[in-house]
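Everything below concerns the one structure shown next.
All values derive from a computational prediction rather than experimental measurement. Sequence positions, counted from 1, serve as the residue numbers for this chain.
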Amino acid sequence: MFRSRRSGLVRRLWRSRAGGDGGVSCCGMSEPPAVSPELRSAASAVLKRLKEPALGALLEAVESRGAAAGGCVLVSRLGPPPHLLLCRLFRWPELQHPGQLKALSGCQGAGGADSNTVCCNPYHYSRVCGPDFSDSYTEMDASCSLRIPVGDVSDTSMSPDTNKQGRWCSVAYWEHRTRVGRLYAVCQPSVSIFYDLPQGSGFCLGQLNLENRSEAAARTRGKIGLGIVLSRELDGVWAYNRSDHPIFVNSPTLDSPACRPLVVRKVMPGYSLNVFDYKKSCILRHLPAPTEYADGPYDPHSVRISFAKGWGPCYSRQMITSCPCWLEVLLGR
C-alpha cells in the first residue's frame with residue numbers, strides 16, 4: 001500500500017505538469033514543452049529519493065501553482081542540481097543554470113554549496129530579473145493633487161521612531177490618484193501583498209473598498225491574484241512577482257547614482273528584482289534631489305510598483321498616477 005500511495009503521488013505530479021484534465025499546466029502553459037529523455041530520467045531519479053511526506057508537499061505546491069507554496073522539500077545533492085531539475089520540469093523549461101535562480105526569503109533549505117541537502121520545491125525559488133525590461137523616463141508629476149483620505153495624512157511618511165516600533169516599511173495602495181485604505185505597516189522580514197490568497201496572510205487588497213471605483217481599476221484588480229512578496233534581505237529589498245501578469249517598478253536605486261534618470265523595470269511572473277539597493281541608497285543620500293522632481297516631493301526611500309500596467313514614454317500612461325492599481329512602499333531611513 002505504501003508503494004501504491006507513493007506511485008500515485010508521482011503520477012499526479014507528472015499529470016500536473018501536463019495540465020491535468022485539460023487545464024493549464026503548472027508551467028503556466030496549455031501545452032508545455034515535451035520533456036527531454038535526459039530531463040525525465042534525471043528528474044525521476046530525484047523524485048525516487050523523496051519520501052511520501054515530501055512528495056505530498058511538492059504535489060501541493062505544484063498543483064496550486066504556488067498558491068500554497070508549502071514547506072521545504074529537502075533532497076541530497078547527488079548528480080545534477082535537484083532544484084534546477086525540478087524548476088525546469090515544473091516551472092521554467094528553458095532554465096540553464098542554478099545561478100539563474102534565487103531562493104525566496106522563506107526557504108530554509110536552500111543552503112550553501114557545502115550543504116549536503118537542498119530544497120527542491122520549485123515554488124521556493126524565483127528567476128532573477130536581468131538587465132532587460134527597462135524603460136528610462138523623466139517624470140513630471142503634480143503629486144500635490146493626489147487624494148489622501150481624510151484622517152490619514154499623518155500616515156503618509158515614516159516617523160523617526162519607525163525602527164523602534166519594529167516596522168521596516170509601510171505600504172500604501174493607490175488607484176490612480178486616490179489612496180485606498182490606510183498604510184499597512186510591515187514588521188516581519190517579508191510580506192505578501194495580494195488580491196486573493198488561499199493560504200497565508202499579509203496585505204489583502206481585495207478587502208479594500210472604494211466608492212465609484214473606475215472600470216480600469218476593477219479590471220486590473222482582477223489581475224493581481226497572488227500579487228507580490230516584498231522581503232527585506234541583506235543586500236536590499238526584493239520584490240517577487242507571484243501573479244500571472246507583469247508588475248512595473250520604479251525606485252531611486254534601479255539605475256546608476258551618477259546619472260540619476262528614473263527607470264521603470266518590468267518584472268515578469270515568477271521573477272524577482274532587487275527594488276531597493278542599500279549600498280546605492282547610501283550614495284544617493286549625499287546627492288541633491290533630481291531637478292525633475294522640483295514640482296513635487298522626492299523621497300529617496302520610496303519604491304512604486306504598478307500591477308499589470310506600465311508607465312513612461314513607451315506607454316499611454318506617462319505617470320504612475322495614471323496606472324489603475326499601484327503600491328507605494330515607504331521604507332524606514
Side-chain angles (χ1 to χ4, degrees), residues 28 61 64-70 91-92 101-107 122-130 133-135 167-175 179-181 183-208 217 219-233 235-254 263-277 301-311 320 323-331:
S64 69
R65 295 181 61 200
R91 297 194 70 182
W92 304 292
L101 294 170
K102 177 186 181 301
L104 300 180
S105 60
C107 181
Y123 287 94
H124 278 201
Y125 294 88
S126 71
R127 298 284 296 272
V128 179
C129 195
F133 312 126
S134 62
D135 177 13
R167 74 179 73 171
W168 61 270
C169 81
S170 290
V171 182
Y173 170 64
W174 296 80
E175 294 184 4
R179 204 179 86 193
V180 184
L183 285 188
Y184 185 89
V186 181
C187 300
Q188 299 298 319
S190 65
V191 59
S192 294
I193 304 173
F194 54 90
Y195 184 84
D196 183 26
L197 186 64
Q199 296 183 14
S201 60
F203 188 11
C204 180
L205 304 181
Q207 295 178 349
L208 300 180
R219 288 195 301 270
T220 303
R221 282 168 61 83
K223 297 179 180 180
I224 295 174
L226 301 182
I228 66 172
V229 175
L230 289 177
S231 58
R232 180 185 59 177
E233 304 184 29
D235 55 349
V237 178
W238 286 79
Y240 166 47
N241 184 4
R242 297 183 70 187
S243 75
D244 293 329
H245 300 272
I247 60 172
F248 298 82
V249 181
N250 165 238
S251 165
T253 68
L254 282 179
V263 171
V264 172
R265 294 288 299 275
K266 182 178 183 180
V267 183
M268 298 300 289
Y271 279 73
S272 285
L273 175 69
N274 187 335
V275 298
F276 193 83
D277 186 295
H301 296 85
S302 174
V303 176
R304 295 176 294 179
I305 302 173
S306 173
F307 291 104
K309 304 295 182 181
W311 78 98
I320 183 71
C323 295
C325 303
W326 58 283
L327 303 173
E328 184 179 24
V329 183
L330 303 167
L331 299 165

Quick one, Leu330 and Val171 - any side-chain contact, counting heavy atoms below 4.5 Å? no
Output yes when a side-chain donor or acceptor of Arg179 lies under 3.5 Å from a complementary backbone atom of Ala172, and no otherwise. no
Taking only residues two or more places apart in sequence or in another chain, which ones pass side chain to side chain donor-acceptor pair (under 3.5 Å) with Tyr184? none
Which heavy atom of Val249 sits nearest a heavy atom of Leu254, and at what distance? O-CD1, 3.7 Å
Rounded at 0.5 Å granularity, tell me how far CG in Leu101 sits from CH2 in Trp92. 6.0 Å
Heavy-atom donor-acceptor pair, Ser190 side chain to Ser231 backbone, under 3.5 Å: no
Considering residues at least two apart in sequence or located in another chain, which fulfil the side chain to side chain contact (heavy atoms under 4.5 Å, CB included) criterion with Thr220? Phe307, Ala308, Lys309, Pro324, Cys325
Main-chain N/O of Val275 paired to Ser251 side chain as donor or acceptor, under 3.5 Å: yes
Donor-acceptor contact below 3.5 Å, side chain Asp277 vs main chain Gly236: no
Heavy-atom closest pair, residues Arg265 and Cys129: NH2-SG, 3.8 Å
Between Arg221 and Glu175, does any side-chain N to carboxylate O distance fall below 4.0 Å? yes
Non-hydrogen atoms of Arg91 and Tyr123 that approach each other most closely: NE-CE2, 3.5 Å
To the nearest 0.5 Å, what is the distance between CZ on Arg65 and CG on Leu226? 9.0 Å
Going by the rule side chain to side chain donor-acceptor pair (under 3.5 Å), which residues pair with Ser302 if we only count those two or more places apart in sequence or in a different chain? none
Nearest 0.5 Å please: distance from the CG atom of Leu331 over to the CZ atom of Phe276. 5.5 Å
Report the residues that fulfil side chain to side chain contact (heavy atoms under 4.5 Å, CB included) with Phe194, sequence neighbours left out, ordered by chain and then residue number. Ser192, Leu197, Cys204
Any side-chain heavy-atom pair from Ile305 and Trp326 closer than 4.5 angstrom? no
For Trp168 and Arg232, the nearest pair of non-hydrogen atoms, with its separation, is CB-NH1, 3.2 Å
Run the side-chain contact (heavy atoms from CB on, under 4.5 Å) test on Tyr173 and Leu208 for me, step by step, so that the C-alpha distance in whole Å, both residues' side-chain angles and the decisive distance to 0.1 Å come before the verdict. CA-CA 9 Å; Tyr173 170 64; Leu208 300 180; 3.6 Å; yes
For Ala68, does its backbone N or O pair with a side-chain atom of Ser64 as donor and acceptor, under 3.5 Å? yes
How long is the straight-line distance from CG of Leu273 back to NZ of Lys102, given to the nearest 0.5 Å? 10.5 Å
Got a second to check how far Tyr271's OH is from Ile247's CD1, nearest 0.5 Å? 13.0 Å
Identified side-chain contact (heavy atoms from CB on, under 4.5 Å) partner of Val329 from the options Leu230, Ile193, Val186, Val191: Leu230
Please check if atom CD in Glu233 has more than 12 non-hydrogen atoms from other residues, nucleotides or ligands closer than 6.0 Å. yes
Would you please name every residue forming a side chain to side chain contact (heavy atoms under 4.5 Å, CB included) with Pro246, sequence neighbours left out? Phe248, Lys266, Met268
What distance separates Trp238 CH2 from Ile228 CD1, expressed to the nearest 0.5 Å? 14.0 Å
Residues in side chain to side chain donor-acceptor pair (under 3.5 Å) contact with Ser126, at least two apart in sequence or another chain: Ser272
Taking all non-hydrogen atoms of both residues into account, name the closest pair between Val264 and Asn250 and its distance. CG2-CB, 4.4 Å
Between Arg304 (side chain) and Glu328 (backbone), is there a donor-acceptor pair under 3.5 Å? no
